[in-house]
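Note that these values count all heavy atoms, side chains included, but never hydrogens, waters or copies made by symmetry.
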Amino acid sequence: MVHQHFMLVPTLTVAENIVLGQHKMWAVLSDMDQVAKRIRELGAELAFEVDPNALVENLSVASSSA
């Protein structure tokens, strides 16, 4: 068993959590539509459906740790 500490903010969306880890976070926050589009594209490439606008607190453990 691998124990993990989830480093996600449950009250933020998937996209906001991804942006939170970016070096230039404030510049990226101004174009969240573009961020959401890119997340969907990457999800499609990896055959993993991702809703960038979903709140992390509403995701299952499997969804939020994948």
Side-chain angles (χ1 to χ4, degrees):
M1 175 183 286
V2 177
H3 296 277
Q4 297 180 355
H5 175 73
F6 297 112
M7 301 291 291
L8 301 173
V9 179
T11 56
L12 297 180
T13 65
V14 171
E16 291 165 338
N17 269 280
I18 290 173
V19 168
L20 194 60
Q22 298 299 310
H23 180 64
K24 297 179 181 181
M25 178 178 58
W26 300 114
V28 177
L29 281 174
S30 66
D31 197 359
M32 290 303 290
D33 289 335
Q34 191 65 20
V35 171
K37 179 182 175 191
R38 184 64 180 138
I39 292 169
R40 285 189 188 94
E41 290 170 353
L42 290 171
E45 286 177 30
L46 300 170
F48 184 77
E49 189 174 327
V50 178
D51 178 3
N53 299 313
L55 287 175
V56 169
E57 66 188 359
N58 295 333
L59 299 175
S60 67
V61 172
S63 295
S64 61
S65 63

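For E45, the side-chain contact (heavy atoms from CB on, under 4.5 Å) partners at least two apart in sequence or on another chain are R38, L42. By the side-chain contact (heavy atoms from CB on, under 4.5 Å) test, I18 pairs with V14, Q22, I39, sequence neighbours left out. Scanning for side-chain contact (heavy atoms from CB on, under 4.5 Å) contacts around L12 gives V9, E16, N17, L20, with sequence neighbours left out. Residues forming a side-chain contact (heavy atoms from CB on, under 4.5 Å) with A44 (at least two apart in sequence, or on another chain): none.
When all heavy atoms of V35 and A15 are compared, the closest pair comes out as CG1-CB, 4.1 Å. Between L59 and A54, the shortest heavy-atom contact is CD2-CB, 4.0 Å. The two atoms that bring A36 and P52 nearest to each other are O-CG, 3.5 Å, heavy atoms only.
Exactly one of N53, D51, N58 qualifies for a side chain to side chain contact (heavy atoms under 4.5 Å, CB included) with L55. That residue is N58.
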